[in-house]
Number of protein chains: 2
Amino acid sequence: MSQRNTVVTDQVTDCPLPEVLRLIGDKWCIQILVELGAGPRRFTQLERAIEGVSRRMLTLNLRNLERNGLVTRTVHPDAPPSVEYAITPLAEDVREPLELLARWARGAIPALVAARQEYDARARG
Amino acid sequence: MSQRNTVVTDQVTDCPLPEVLRLIGDKWCIQILVELGAGPRRFTQLERAIEGVSRRMLTLNLRNLERNGLVTRTVHPDAPPSVEYAITPLAEDVREPLELLARWARGAIPALVAARQEYDARARG
DNA sequence: CAGTATCCAGGTTGATACTG
DNA sequence: CAGTATCAACCTGGATACTG
């Protein structure tokens, strides 16, 4: 999760894909975006919605998303504290490409499973 | 790179995206697929084309791609050995979704950079 | 509530040397 | 040529305890 400023700086070729993947490739980013896609959420709401995420990782991933302009964080000056997260238009725009990717994944799963079984069978044989 | 058999097994929700990202999210996978998209390549060709990849990682990534049915590996019984890698139709199909994602990335870069500058400025301030 | 600080286990990667 | 084997460094992530 350390600084990964590579999205533009050192991208010489015309394929930004490796950078995008690092951008949204943090372990919980997608699930955060999906959850926030349904509407703004508070920290604990996210923590409960995203099964298995640790407090630490949720924080780090949110900070990263915020830093990259994909998520906004608004603090309401209440007691007890209340912080609301929401996705930005920029993040909205990435939903469609991601949905296509997801669609491909759903279609590809049978072939993937088959490929693995065959590979593993051969690897053992 | 250890076994990650999760693509189907434990996916309860209807969002396969985290799994896809692990599938093609290995550090060099995309670059391998892009390179092979231009035509079959031999091991050393890939090693030279993909700047910064170590022999070890190239091997591991290729094995993973092969296991998932995204790349084929054909050994020509020559001396010296000759091994040719190529992408499968399954991998061809993923190029379009990935291209859309790349297109989004290219468009989003200015906003990303701006978001970061602002965030980092505030973080220091 | 919404984090931060700390510690640690484990996984991932690169460098390097070796092999059929 | 096309790898495998080994080792060390690094990074990531989870658990936990603490705080405004």
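Throughout, a chain's letter reflects where its sequence line sits, starting with A, and its residues are numbered from 1.
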Atom pair distance, as rounded to whole Å: [atom1] in [X] and [atom2] in [N]:
| X | N | atom1 | atom2 | result |
| --- | --- | --- | --- | --- |
| Asn64(A) | dT12(D) | CG | C1' | 13 Å |
| His76(A) | dC1(C) | NE2 | C1' | 13 Å |
| Asn61(A) | dA2(C) | CG | P | 17 Å |
| Gln45(A) | dC1(C) | CD | P | 11 Å |
| Met57(B) | dG11(C) | CE | C1' | 11 Å |
| Glu47(B) | dT4(D) | CD | C1' | 13 Å |
| Arg48(B) | dG3(D) | CZ | P | 14 Å |
| Lys27(A) | dC11(D) | NZ | P | 18 Å |

Select from Pro81(A) and Gly52(A) the residue whose nearest nucleotide in DNA chain D is closer to the 5' end of that strand.
Gly52(A)
Quick check on [N]: is either OP1 or OP2 less than 4.0 Å from any side-chain nitrogen or oxygen of [X]?
| X | N | value |
| --- | --- | --- |
| Arg42(B) | dA2(D) | yes |
| Arg73(A) | dA2(C) | no |
| Tyr85(B) | dC1(D) | no |
| Arg63(A) | dG3(C) | yes |
| Thr44(A) | dA2(C) | yes |
| Trp28(B) | dT12(C) | no |
| Arg55(B) | dC1(D) | no |

Could you tell me whether Ser82(A) contacts a base, only the sugar-phosphate backbone, or nothing, with contacts defined as non-hydrogen atoms closer than 4.0 Å?
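The answer is sugar-phosphate, as Ser82(A) gets under 4.0 Å only of primed atoms, P, OP1 or OP2.
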Both distances below 3.5 Å, Watson-Crick or wobble geometry, any strand: find the nucleotide opposite dG20(C).
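WC or wobble partner is dC1(D).
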The residue, Arg56(A) or Leu62(A), whose nearest nucleotide of DNA chain C is more 5′ is Leu62(A)
Identify, between Thr59(A) and Pro80(A), the residue whose nearest nucleotide on DNA chain C lies closer to the 5' end.
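Checking each residue's closest nucleotide, the 5'-ward one belongs to Pro80(A).
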Are more than 12 heavy atoms, taken from residues, nucleotides or ligands other than Glu96(B), located less than 6.0 Å from that residue's CD atom?
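No, the 6.0 Å shell around CD holds no more than 12 heavy atoms from other groups.
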Could you tell me whether the side chain of [X] and the main chain of [Y] form a donor-acceptor pair under 3.5 Å?
| X | Y | answer |
| --- | --- | --- |
| Thr88(B) | Ala91(B) | yes |
| Ser82(A) | His76(A) | no |
| Asn64(B) | Leu60(B) | no |

Mind listing the closest non-hydrogen atom pair of Pro81(B) and Arg42(B) along with its distance?
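Looking at all heavy atoms of both residues, the shortest contact is O-NH2, 3.5 Å.
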